[in-house]
Amino acid sequence: MQGLTNSLPIIWVAVGVALLLFLNMKWKLNGVLALLIAAIFVGIMNGLSLPEVIETIKKGLGGTLGSLALVIGFGAVLGKLMVDSGAAQRVASTLLNKFGVKNVQWAILLVGAIFGVSVFYEVAFIILAPLVISIAVEAKMPYLRLGVTMVAAATMAHSIFPPQPGPVALVSAYGADMGMVYMLGLVVVIPAIICSGIIFPKLMRNVERPVPPLLKKSKEFTDDEMPRFAVSLIVPLIPAIIITAATILNIFIKKGSTAYQIINFFGSAEISMLLAVLVAVYVFGIRVGRTMPEVMKSFSGAIEGVAMVIFIVGAGGAFKQIILDSGVGEYIAKMMENTSISPLIMAWFITALLRLATGTGVVSAITAAGIVGPLMHQFDVNPALMVLATAAGSNTITHVNDASFWLFKEYFNLSIKDTLKSWGLLLLINSLVGLGIVLLLSLFI
């Protein structure tokens, strides 16, 4: 009886997820409403008072939108300006000409990984999604296949490599050498993203989908009408360049100094995205002969098109916060306290459970490191491998409590079922292959 009582938080979360799926798939209720109803249900059943439920929902929604609303909005604007100016078509046609239709997935894999390391995942997704769709249209292939390739590379690179917040926190928690994490991380990432980004998309079925309305080309551009390739690629890379430069400069500058504050102001995701949009307004608008009202029409269209995505992502954040405040993490931690399994598998399993339960990669990684980290002196294992095992666990399958799940679903205009079969499986493959490579490396290191 005591065990059942202790496990109630995770049981009610499971019931809440089932309720959400029922409301969305059976009753066709909008994702925002389904998420909020499920969040309220889980909060009440797990013992939160009614005022606490409201405060937790506001905290989760506000926290999520506070960090993502501008990024998603500006990213959608940047993508729309690229589509409407022909820049996306230029990048698509050039990559196809250089790599060919058969090898274009490899180009997407490389670009996705670069963005995954350089910027926050949501920034990478929002910027690359229109490019992926443009390339798919040019290559006359289903865009979802290339979308999976891009996401597979971006999510894995984001989970494994510093300077992303999750890997940085893990390096600190486990006392690992960052250089070793980079070197071994490459060994882990390459086979993982080949399996999830190259092989898995070839095995997918029923991938034919109409192009999402937001990302349909307004016209077919001639060669003279399109911006040059270098410009078309550099402008969306502006956030990655600025954020990466800020990260490098932070190594040499005293924390808290004026220079530090200025660099990190411009190196934030929001300001770097704003700068990219301002440059795009000129380069993809005024410079190619569009009037300011025409450019602002693209701006407004992008915001209107992505408004529902922003609302759903925010509601997903509210649901996530309810779960976090319901004690699920503490339950999983206690469940794993007295286990004798391999520390690498333990770290992966705890992180994967937390990611599945809470929908948040960084939170699951840091929480797992807090549980396993203090036990490091008992383990005969390389700290860098612990970082990689935990990072692989943080990149495992997610569902309706993950904001990124809804971003993928809504942007690519998929059902929940199809999102689980694409987004869910690509993450699961990433995570399992990553763990497998880490265990293999542990035999030699």
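Counting heavy atoms from C-beta on, the side chains of M150 and F125 come closer than 4.5 Å. Counting only heavy atoms from C-beta outward, the side chains of M308 and V32 approach each other to under 4.5 Å. In this structure the side chain of F266 never reaches within 4.5 angstrom of the side chain of S272, judged on heavy atoms. Using a 4.5 Å heavy-atom threshold, the side chains of L186 and F161 count as touching. Proximity of S431 to W348: side-chain heavy atoms (C-beta onward) are separated by under 4.5 Å at one or more points. Between I322 and L48 there is a side-chain heavy-atom pair separated by less than 4.5 Å. Using a 4.5 Å heavy-atom cutoff, the side chains of S442 and N382 are not in contact. Looking only at side-chain heavy atoms (C-beta outward), T396 and L353 stay at 4.5 Å or farther from each other.
In terms of heavy-atom proximity, S422 sits nearest to V148 at CB-CG2, 4.2 Å. Between F319 and G16, the shortest heavy-atom contact is CZ-C, 4.4 Å. When all heavy atoms are compared, the tightest approach of L131 to M82 is CD2-CE, 3.5 Å. Of all heavy-atom pairs spanning I397 and L356, the tightest one is O-CD1, 3.6 Å. Between D418 and S415 the shortest heavy-atom distance is N-OG, 3.1 Å. Of all non-hydrogen atoms in V400 and W406, the two that sit nearest each other are O-NE1, 2.6 Å.
Scanning for ring pair (Phe, Tyr, Trp, His ring centres under 6.0 Å) contacts around F408 gives F412, W423, with sequence neighbours left out. Shown here are the ring pair (Phe, Tyr, Trp, His ring centres under 6.0 Å) partners of F22, two or more places apart in sequence or in another chain: W27. Residues meeting the ring pair (Phe, Tyr, Trp, His ring centres under 6.0 Å) test with F41, sequence neighbours left out: W12. Legend: residues meeting side chain to side chain donor-acceptor pair (under 3.5 Å) with T351, ordered by chain and number and at least two apart, are absent. Scored by the side chain to side chain donor-acceptor pair (under 3.5 Å) test, S394 finds no partners at all (sequence neighbours excluded). Legend: residues meeting side chain to side chain donor-acceptor pair (under 3.5 Å) with K58, ordered by chain and number and at least two apart, are E55. Judged as a side chain to side chain donor-acceptor pair (under 3.5 Å), and not counting sequence neighbours, the contacts of N250 are N264.
Side-chain atoms of R145 never come within 3.5 Å of backbone atoms of A136 as a donor-acceptor pair (strictly under, hydrogens ignored). Here the side chain of Q89 pairs no donor or acceptor atom with the backbone of S134 at under 3.5 angstrom. Without hydrogens or angle criteria, K80 side chain to A302 main chain gives no donor-acceptor distance under 3.5 Å. Side-chain atoms of S93 come within 3.5 Å of backbone N or O of R90 as a donor-acceptor pair. Proximity of a side-chain donor or acceptor of H399 to a complementary backbone N or O of L420 within less than 3.5 Å is not detected. At least one donor-acceptor pair closer than 3.5 Å links the side chain of S268 to the backbone N or O of F265.
Screening L385, L432, V188, V189 for a side chain to side chain contact (heavy atoms under 4.5 Å, CB included) with I437, the sole residue that qualifies is V188.
Counting only N and O atoms by type, the side chains of T390 and Y174 include a donor and acceptor under 3.5 Å apart.
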Practice problem: Go through the steps for M45 and V15 under the test side chain to side chain contact (heavy atoms under 4.5 Å, CB included), then give the verdict. | Solution: CA-CA 10 Å; M45 298 311 295; V15 174; over 6 Å; no
Exercise. Quick one: do I133 and L146 satisfy side chain to side chain contact (heavy atoms under 4.5 Å, CB included)? Show the steps, please.
Key: CA-CA 8 Å; I133 289 175; L146 286 186; over 6 Å; no
Quiz item: Step by step, would you call L184 with V438 a side chain to side chain contact (heavy atoms under 4.5 Å, CB included)?
Solution: CA-CA 9 Å; L184 296 179; V438 169; over 6 Å; no
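One distance of note links CG of N395 with CG of L426; it measures 8.0 Å at 0.5 Å rounding. One finds the CG atom of L344 at 10.0 Å from the CG atom of L441 (value rounded to the nearest 0.5 Å). Remark: L81 CG to F74 CZ distance equals 11.5 Å, nearest 0.5 Å. Taking CG of L435 as the start and CG of L439 as the end, the distance is 4.5 Å to the nearest 0.5 Å. To the nearest 0.5 Å, atoms CD1 (I253) and CD1 (I262) are separated by 9.5 Å. Distance CG/L144 to CG/L414: 5.5 Å, rounded to 0.5 Å.
Pairs engaging residues 177-188 under the salt bridge (charged side-chain N to carboxylate O under 4.0 Å, His left out) rule: none recorded [sequence neighbours left out]. Contacts classified as salt bridge (charged side-chain N to carboxylate O under 4.0 Å, His left out) and involving residues 91-104 (residues at least two apart or in different chains) are not found. Residue pairs satisfying the salt bridge (charged side-chain N to carboxylate O under 4.0 Å, His left out) criterion with at least one member in residues 387-408, sequence neighbours excluded, are listed as follows: R355-D402.
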Return a table of donor-acceptor pairs under 3.5 angstrom between the side chains of residues 228-239 and protein atoms on other chains or two or more places apart.
| unit_1 | atom_1 | unit_2 | atom_2 | d |
| --- | --- | --- | --- | --- |
| S232 | OG | R228 | O | 2.8 |

For residues 190-202, dump all side-chain donor-acceptor pairs below 3.5 Å to protein atoms at least two apart in sequence or in another chain.
| unit_1 | atom_1 | unit_2 | atom_2 | d |
| --- | --- | --- | --- | --- |
| S196 | OG | A192 | O | 3.0 |
| S196 | OG | N430 | OD1 | 2.7 |
| K202 | NZ | Q105 | OE1 | 3.3 |

